[in-house]
Amino acid sequence: MPLSEQEIVRRESLTKLRNLGINPYPADAFKTTSSVKKVITDFEELEGKEVILAGRMMSRRIMGSASFAELKDASGRMQIYVNRDELCPGEDKTMYNEVFKKLLDIGDIIGIKGTVFKTKVGEKSVSVNQLTLLSKALRPLPIVKVDAEGKTHDAFSDAEMRYRQRYVDLIVNDHVKETFIKRTKITNTIRQFFNDRGYLEVETPILQPIPGGAAARPFVTHHNALDMPLYLRIANELYLKRLIVGGFDGVYEFSKDFRNEGMDRTHNPEFTVMELYVAYKDYHWMMEMTEQLLEKVAIESNGKTEVQIGKNTVNFKAPYARVPILEAIKIHTGFDVAGMNEEELREVCKKVGIETDETMGVGKMIDELFGEKCEHHYIQPTFITDYPKEMSPLCKEHRDNPSLTERFELMVNGKELANAYTELNDPIDQLARFQDQLSLSEKGDDEAMFIDKDFVRALEYGMPPTSGIGIGIDRLVMFMTNNLSIQEVLFFPQMKPEKKVPEMGPDEKVVFDLLKSSSPVELNALKGQTGLSNKKWDFAIKSLTKHKLAKVEKTEEGLFVELL
């Protein structure tokens with residue numbers, strides 16, 4: 001792909017820097033003595049003292065023999081002041097006149113040494129007396145501008161570009177970094193909560209000979225040396241329960257799981273789950289523990305138990321409501337499905353407008369009924385309890401009703417956040433449940449569980465009464481950061497292959513680059529930004545729309561050009 005005009009200029013600057021004897025990518029370590037945040041926070045202590053900082057130059061205002069620039073490091077942004085005679089005290093003014101003014105660009109990473117001071121208008125700054133180029137940026141950053149009325153222009157806001165180029169997103173959109181800092185705070189809070197209770201963090205296999213622990217379609221690969229198929233794990237449950245068999249009283253793992261299924265705003269094929277298993281406990285104990293954990297997470301990450309999720313205010317303060325799943329279906333559909341067989345359930349699904357097929361058993365149809373007709377009603381944290389046995393092949397039979405199991409799912413903001421059981425530890429019952437899953441698989445259910453004979457063997461050695469839970473970390477972070485898309489809380493979400501851009505002439509490239517930094521944009525405004533003649537503009541925009549790289553749409557506000 002041809003380089004843009006800005007990219008060409010930056011490469012020319014790179015050559016000129018080297019000709020001046022300046023290495024644009026030095027290998028030496030650059031030792032800093034402070035950070036932007038520390039200088040601003042401890043200004044009274046540091047005023048008049050020398051500091052060494054490093055970061056990215058985000059803006060620059062050249063004013064003859066003195067200039068201002070904005071330096072951004074991992075902790076924040078601040079102003080720096082560059083005076084020609086202070087930077088170049090001798091006869092040679094090249095460092096200021098040539099390097100700083102002409103050969104450095106927005107986005108370059110620099111190191112500075114200087115004195116902390118406050119400008120006449122009261123802005124905390126650093127007066128630079130030494131400047132080192134640490135890395136030359138060859139691509140221009142999107143320049144986000146805020147006008148006098150507080151309106152943002154040219155924001156790097158296109159979702160696909162932000163997710164595909166997360167490194168740029170993190171540079172120019174400061175709030176994005178805050179989301180991921182909070183994500184780490186959330187996982188650290190959970191770790192501390194469990195560690196304080198003596199539970200052990202462990203690691204279990206990602207490549208598994210049998211994908212167990214959940215009903216989901218796995219990714220399949222092949223191990224050449226062993227000449228056998230392997231699966232990316234869909235859950236780590238069965239391995240963690242093997243550790244309970246082995247004598248650990250409490251184990252947990254933050255696991256990357258993989259499911260070869262659909263993608264949407266709340267699902268990514270690679271996702272993070274925290275699973276915990278504790279011996280000698282049941283699902284009633286696990287409900288109380290979950291309330292304590294999530295209340296603590298909310299307070300640690302947001303300072304209070306109330307969290308805003310979209311238009312809803314959700315309160316994670318314990319206790320949470322408890323509603324049996326069959327009761328929920330009765331409340332929201334008017335049908336009492338308890339004890340119904342497949343044909344009766346199929347008829348209920350038909351009456352409420354849910355499509356079914358022959359591969360769906362009792363469990364799958366009840367799951368569909370709850371998911372379609374009930375789930376969205378539960379905004380405040382609610383434990384949905386006591387699932388039918390057909391839905392829960394790894395869960396212990398309910399102590400009061402043999403057709404149910406001791407299971408709960410925690411619903412928050414109309415979505416499942418956690419799934420927990422009193423774990424099945426009867427090896428004979430477990431084998432029978434696996435065999436029922438096999439019959440579903442033979443009927444065509446590609447999400448039915450495999451039979452894991454080694455897990456059954458482990459149970460035959462004896463597993464103590466145990467309760468386990470899985471909490472979706474990505475979804476929990478979405479809730480705690482008020483993000484409605486899972487892609488916002490994953491550094492690098494899965495994306496479709498990037499479209500191959502055909503070769504473009506210089507005029508098309510000018511228009512395309514402007515659209516990459518801001519899209520959609522009003523047609524005449526875009527034309528003005530390009531500086532192209534009418535003839536060149538017409539050719540460029542027609543070429544981009546012909547190759548389906550951009551489209552022109554008429555709205556009530558006028559004609560707009562949008563990148564496809």
Side-chain angles (χ1 to χ4, degrees), residues 158-164 166 206-208 210-221 229-237 255-275 309-310 325 349 352-361 363-378 384 387 390-393 409-419 437 440-441 443-450 470-479 481 483-499 564:
D158 178 77
E160 181 171 350
M161 290 186 68
R162 288 182 50 240
Y163 304 150
R164 206 178 286 283
R166 181 67 86 187
I206 293 175
L207 288 173
Q208 301 180 351
I210 293 174
R217 183 186 301 166
F219 286 93
V220 186
T221 186
L230 287 173
Y231 303 86
L232 292 179
R233 69 177 167 205
I234 56 175
N236 54 346
E237 175 173 346
S255 67
K256 282 287 187 184
D257 291 348
F258 307 84
R259 297 183 184 177
N260 197 356
E261 299 169 346
M263 294 169 55
D264 57 32
R265 288 173 64 84
T266 59
H267 294 88
N268 193 67
E270 175 185 352
F271 58 99
T272 303
V273 174
M274 188 292 304
E275 292 204 30
I309 307 175
I325 188 171
C349 288
V352 299
I354 293 176
E355 292 186 10
T356 63
D357 58 56
E358 292 305 313
T359 70
M360 296 172 69
K364 199 114 183 195
M365 283 187 279
I366 289 176
D367 193 30
E368 285 293 311
L369 279 167
F370 180 78
E372 291 294 323
K373 300 299 178 181
C374 310
E375 191 175 82
H376 60 279
H377 292 287
Y378 297 99
I384 303 299
Y387 284 63
E390 294 87 349
M391 297 179 70
S392 313
E409 288 187 336
L410 177 61
M411 296 294 155
V412 178
N413 202 50
K415 297 290 182 183
E416 176 198 345
L417 176 60
N419 186 19
Q437 288 287 301
L440 290 174
S441 178
K443 286 174 63 175
D445 185 349
D446 58 7
E447 292 185 351
M449 289 189 187
F450 289 53
I471 297 176
I473 296 300
D474 305 318
R475 192 164 291 175
L476 177 61
V477 175
M478 287 170 62
F479 291 159
T481 60
N483 278 300
L484 300 181
S485 170
I486 193 172
Q487 286 84 5
E488 293 290 349
V489 301
L490 302 173
F491 271 127
F492 304 105
Q494 195 66 43
M495 304 287 290
K496 290 180 180 178
E498 195 167 2
K499 289 180 182 178
L564 292 176

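Only a predicted model underlies this, so the values are computations on that prediction, with no experimental measurement involved.
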Hey, could you give me the [atom1]/[atom2] distance between [X] and [Y], rounded to the nearest 0.5 Å?
{"X": "I206", "Y": "F258", "atom1": "CD1", "atom2": "CZ", "value": "5.5 Å"}
{"X": "L207", "Y": "Y231", "atom1": "CG", "atom2": "OH", "value": "12.5 Å"}
{"X": "R164", "Y": "D158", "atom1": "CZ", "atom2": "CG", "value": "10.0 Å"}
{"X": "K373", "Y": "E368", "atom1": "NZ", "atom2": "CD", "value": "11.0 Å"}
{"X": "Q487", "Y": "M263", "atom1": "CD", "atom2": "CE", "value": "6.5 Å"}
{"X": "E409", "Y": "N419", "atom1": "CD", "atom2": "CG", "value": "4.5 Å"}

So, does [X] use its side chain to make a donor-acceptor pair with the main chain of [Y] at under 3.5 Å?
{"X": "N413", "Y": "K415", "value": "no"}
{"X": "R259", "Y": "A235", "value": "no"}
{"X": "E488", "Y": "M478", "value": "no"}
{"X": "N268", "Y": "E270", "value": "yes"}
{"X": "R166", "Y": "F492", "value": "no"}

Heavy-atom closest contact ([X] atom, [Y] atom, distance):
{"X": "P218", "Y": "L232", "answer": "CB-O, 4.4 Å"}
{"X": "T481", "Y": "V477", "answer": "OG1-O, 2.6 Å"}
{"X": "M365", "Y": "C349", "answer": "CB-SG, 4.1 Å"}
{"X": "S255", "Y": "R233", "answer": "CB-NH2, 3.2 Å"}

- Would you say E416 and M411 make side-chain contact, with heavy atoms under 4.5 Å?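 A side-chain contact under 4.5 Å exists here.
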- Could you pull out all residues at least two apart from F219 that satisfy ring pair (Phe, Tyr, Trp, His ring centres under 6.0 Å)?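 In terms of ring pair (Phe, Tyr, Trp, His ring centres under 6.0 Å), with neighbours along the sequence ignored, F219 is linked to no residue.
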- Message: Holding to ring pair (Phe, Tyr, Trp, His ring centres under 6.0 Å), I want the full list of residues that pass it with H377, two or more places apart in sequence or in another chain.
- Response: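 Counting only residues at least two positions away or on another chain, H377 forms a ring pair (Phe, Tyr, Trp, His ring centres under 6.0 Å) with H332.
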- Query: Among all residues two or more places apart in sequence or in another chain, which pass the side chain to side chain contact (heavy atoms under 4.5 Å, CB included) test with D474?
  - Reply: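 D474 satisfies side chain to side chain contact (heavy atoms under 4.5 Å, CB included) with R183, F271, T272, I486, V489, L490 only.
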- E372/V352 under side chain to side chain contact (heavy atoms under 4.5 Å, CB included): CA gap, chis, key distance, verdict: CA-CA 10 Å; E372 291 294 323; V352 299; over 6 Å; no
